[in-house]
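Okay, so here's the structure we're looking at.
Sequence lines set the chain letters: A, B, ... in the order given, protein chains first and strands last, and positions in each chain run from 1.
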2 protein chains.
Amino acid sequence: MADTFVSNPSFFKLDATLKKLRNYWQKTFDAQQKDITVDQWLLIENLYKHKKTTHNELARNTSKDITTISRIIELLVKKGLVKREADVYDRRKVYLQLTPEGVEKYKDVKSLVYDMRKIGWKTLTETDYAELTRILDTIYANIP
Amino acid sequence: MADTFVSNPSFFKLDATLKKLRNYWQKTFDAQQKDITVDQWLLIENLYKHKKTTHNELARNTSKDITTISRIIELLVKKGLVKREADVYDRRKVYLQLTPEGVEKYKDVKSLVYDMRKIGWKTLTETDYAELTRILDTIYANIP
DNA sequence: AAACAATAGTTGCCATAGCAACAGTTGCTA
DNA sequence: TAGCAACTGTTGCTATGGCAACTATTGTTT
């Protein structure tokens, strides 16, 4: 691999792209008064799909630190979108699930997210998507 | 574009990959007692290349918020790696540049970063790199 | 020249990221 | 069964990200 190659700023480009995406999503949420953050949305989406999970599972599913999960869930509980439920058999465990309001929020925001994803990809093909996925997965797997 | 396509988690994958990269870099810095964070490194690298810049320029070059630049620079000044110098003609402006210790830090950490970049890319080709760059640039350009 | 607009940077606030330390609970083992 | 290890989740601390409000300075307009 050429010397000039490894010094190229892939880290920077990933960071810049992600920031711009996150920013665009957040501004769209704000403009439509959805009253959630991007990461709160990611948890809601995940809870919708898995119905009932623990903090630990949610952390693994979303690639987030468990402390971050703990705090975001706290905010979502305060907003009435998520409820906690203690496990009957293992009192260490707390199951998380969307409240009816949480499900409503999911359905309400979903199409917005769908549209934004289309916008990001509008000039790209499915092949491009497969390529990006392959490359990112490879980088992920390469890191110890 | 197929319906299943746009709902695929590109945002999530970008976020997860970047987090794993950042984490690996930080752990390596810590293990070698470099006493800097990944973002502090990015600013040092940029200041080494540009010698003398303002907060604003640095923010543009690194895709960071100017308030974030302000705070990271404050930490680097406290560590003695960066010094501030007021512009003679425009007293609003502050020029930033590495101290001799900052230049030392750059030279010290540089090869570590070089190695880590190689590790992330070890099973990928230059074509892959070009593809990733093209796709990320396109996404970036697509976002309003 | 006085008023106003634009620019450079800082500070306050809240959210996310990650590490360390902690509390409580459960499971294993001597 | 007593003691310890493992597991689940929370809290404290520091760093980064972004918005709004602010100060200080410079440029423009009338």
Side-chain angles (χ1 to χ4, degrees), chain A residues 11-12 15-31 34-44 53-60 62-79 82 84-96, chain B residues 11-12 15-31 34-44 53-60 62-79 82 84-96:
Chain A
F11 185 99
F12 167 76
D15 188 45
T17 307
L18 186 61
K19 252 184 240 170
K20 190 155 181 191
L21 268 172
R22 192 184 295 272
N23 227 266
Y24 170 53
W25 286 32
Q26 188 63 57
K27 279 192 206 302
T28 305
F29 287 172
D30 291 349
K34 297 307 183 192
D35 188 35
I36 50 168
T37 66
V38 173
D39 294 284
Q40 287 166 20
W41 162 253
L42 294 175
L43 292 209
I44 289 172
T53 47
T54 63
H55 289 66
N56 255 326
E57 285 169 356
L58 202 47
R60 274 194 302 272
T62 58
S63 261
K64 287 182 184 301
D65 197 275
I66 196 176
T67 61
T68 303
I69 297 290
S70 189
R71 283 162 181 139
I72 297 180
I73 289 297
E74 179 63 24
L75 294 175
L76 292 176
V77 168
K78 275 183 189 155
K79 286 180 183 176
V82 169
R84 299 191 183 98
E85 195 185 329
D87 185 304
V88 182
Y89 305 105
D90 186 342
R91 279 188 296 166
R92 290 170 304 183
K93 276 192 183 171
V94 179
Y95 289 111
L96 304 168
Chain B
F11 185 99
F12 167 75
D15 188 46
T17 307
L18 186 61
K19 252 184 239 169
K20 190 151 181 193
L21 268 171
R22 191 184 296 272
N23 228 266
Y24 171 52
W25 285 33
Q26 188 62 58
K27 279 192 206 305
T28 305
F29 287 172
D30 292 349
K34 297 306 183 191
D35 189 33
I36 50 168
T37 66
V38 173
D39 295 285
Q40 286 166 22
W41 162 254
L42 294 174
L43 292 208
I44 288 171
T53 47
T54 63
H55 289 66
N56 255 323
E57 286 169 354
L58 203 47
R60 274 194 301 273
T62 57
S63 261
K64 287 180 184 303
D65 197 275
I66 196 174
T67 61
T68 303
I69 295 290
S70 190
R71 282 160 183 141
I72 297 179
I73 289 296
E74 179 63 23
L75 295 175
L76 291 175
V77 167
K78 274 183 189 154
K79 287 180 182 175
V82 169
R84 299 191 182 97
E85 196 186 329
D87 186 303
V88 183
Y89 304 104
D90 185 343
R91 279 188 294 166
R92 290 170 305 185
K93 277 192 183 172
V94 178
Y95 290 111
L96 305 168

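- For a distance-only test at 3.5 Å, the side chain of Arg22(B) fails to qualify as a donor-acceptor partner of the base of dG17(D).
- One atom, CD1 of Ile66(A), and another, P of dA20(C), lie 16 Å apart when rounded to the nearest Å.
- Distance, Lys19(B) NZ to dG18(C) C1': 10 Å, rounded to whole Å.
- One donor-acceptor pair, N or O on each side, does fall under 3.5 Å between the base of dG18(D) and the side chain of Arg71(B).
- We find that CG of Leu96(B) is positioned 7 Å from P of dG9(C), with the value rounded to whole Å.
- In this structure, of dG9(D), dC19(D), dG18(C), it is dC19(D) that holds the atom nearest to the side chain of Asp65(B).
- Nearer to the 5' terminus of DNA chain C, by closest-nucleotide assignment, is the contact made by Lys79(A) (compared with the other of Asn23(B) and Lys79(A)).
- Listed pair Gln40(A) / dT16(C) meets the phosphate criterion, a side-chain N or O lying under 4.0 Å from OP1 or OP2.
- Here the side chain of Gln26(A) pairs a donor or acceptor atom with the backbone of Ile36(A) at under 3.5 angstrom.
- Summarising the geometry, the separation between CD1 on Ile73(A) and P on dT16(C) is reported as 11 Å, rounded to the nearest angstrom.
- Dashed line: the shortest gap from a side-chain N or O of Lys93(B) to OP1 or OP2 of dT25(D) is not under 4.0 Å.
- Closest approach to the Ile72(B) side chain among dT11(D), dG12(C), dT16(D) is made by dT16(D) (side chain taken as heavy atoms from C-beta onward).
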Using the side-chain hydrogen bond (donor to acceptor under 3.5 Å, both in side chains) rule, take Asp39(A) and Thr37(A) through it: C-alpha gap first, then chi angles, then the decisive distance, then the call. CA-CA 6 Å; Asp39(A) 294 284; Thr37(A) 66; 5.2 Å; no
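- With dA15(D), dT11(D), dG17(D) as the candidates, the nucleotide lying closest to the side chain of Asp39(B) is dG17(D).
- Exactly one residue among Asp87(B), Thr53(B), Thr54(B) makes a side chain to side chain donor-acceptor pair (under 3.5 Å) with Tyr95(B). That residue is Asp87(B).
- Lys64(A) has no side-chain polar atom (N or O) that falls below the 4.0 Å cut-off from OP1 or OP2 of dT16(C).
- Side-chain proximity of Thr54(B) to the nucleotides dT16(C), dG9(C), dT26(D) is greatest for dG9(C).
- Summarising the base pairing, dA30(C) is matched to dT1(D) through a Watson-Crick or G-U wobble pair whose two defining distances lie under 3.5 Å.
- For the atom pair CZ (Arg84(A)) and NE2 (His55(A)), the distance works out to 5.5 Å, reported to the nearest 0.5 Å.
- Applying the 4.0 Å criterion to OP1 and OP2 of dT7(C), one finds that Asn56(B) has every side-chain N and O outside that range.
- Taking atom CZ of residue Arg60(A) and atom C1' of nucleotide dT8(D), one finds them 11 Å apart after rounding to whole Å.
- Using a 4.0 Å heavy-atom cutoff across all strands shown, Tyr89(B) reaches sugar-phosphate atoms only and no base atom.
- The phosphate of dC19(C) has OP1 or OP2 within less than 4.0 Å of a side-chain N or O from Lys27(B).
- Glu74(B) comes within 4.0 angstrom of nothing in the nucleic acid, heavy atoms only.
- Along DNA chain C, the nucleotide nearest to Asp30(B) and the one nearest to Leu75(A) differ in position, and the one closer to the 5' end is contacted by Leu75(A).
- Atom CD1 of Ile73(B) is separated from atom OG1 of Thr68(B) by 11.5 Å, given to the nearest 0.5 angstrom.
- A donor-acceptor distance shorter than 3.5 angstrom exists from the side chain of Thr28(B) to the backbone of Tyr24(B), with no hydrogens or angles considered.
- Atom C1' of nucleotide dA15(D) and atom NZ of Lys78(B) are separated by 12 Å, given to the nearest angstrom.
- Between His55(A) and the phosphate of dT8(D), there is no side-chain N or O to OP1/OP2 separation shorter than 4.0 Å.
- Not a single donor-acceptor contact under 3.5 angstrom links the side-chain atoms of Ser70(A) to the base of dG9(D).
- Checking Glu57(A) against Val38(B), the closest nucleotide of DNA chain D that is more toward the 5' end is the one next to Glu57(A).
- Minimum atom distance to the side chain of Thr37(B) is reached by dA15(D), of the listed dG18(C), dA15(D), dA8(C).
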Applying side-chain contact (heavy atoms from CB on, under 4.5 Å), run through Arg60(B) and Glu57(B) and close with a yes or a no. CA-CA 5 Å; Arg60(B) 274 194 301 273; Glu57(B) 286 169 354; 3.6 Å; yes
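- Residue order along DNA chain D, read from the 5' end via each residue's closest nucleotide, puts Thr68(B) first among Thr68(B) and Arg91(B).
- With hydrogens and angles left out, the side chain of Arg92(A) and the base of dT8(D) share no donor-acceptor pair within 3.5 Å.
- When heavy atoms are screened at a 4.0 angstrom cut-off, Ile69(A) is found touching no nucleic acid atom at all.
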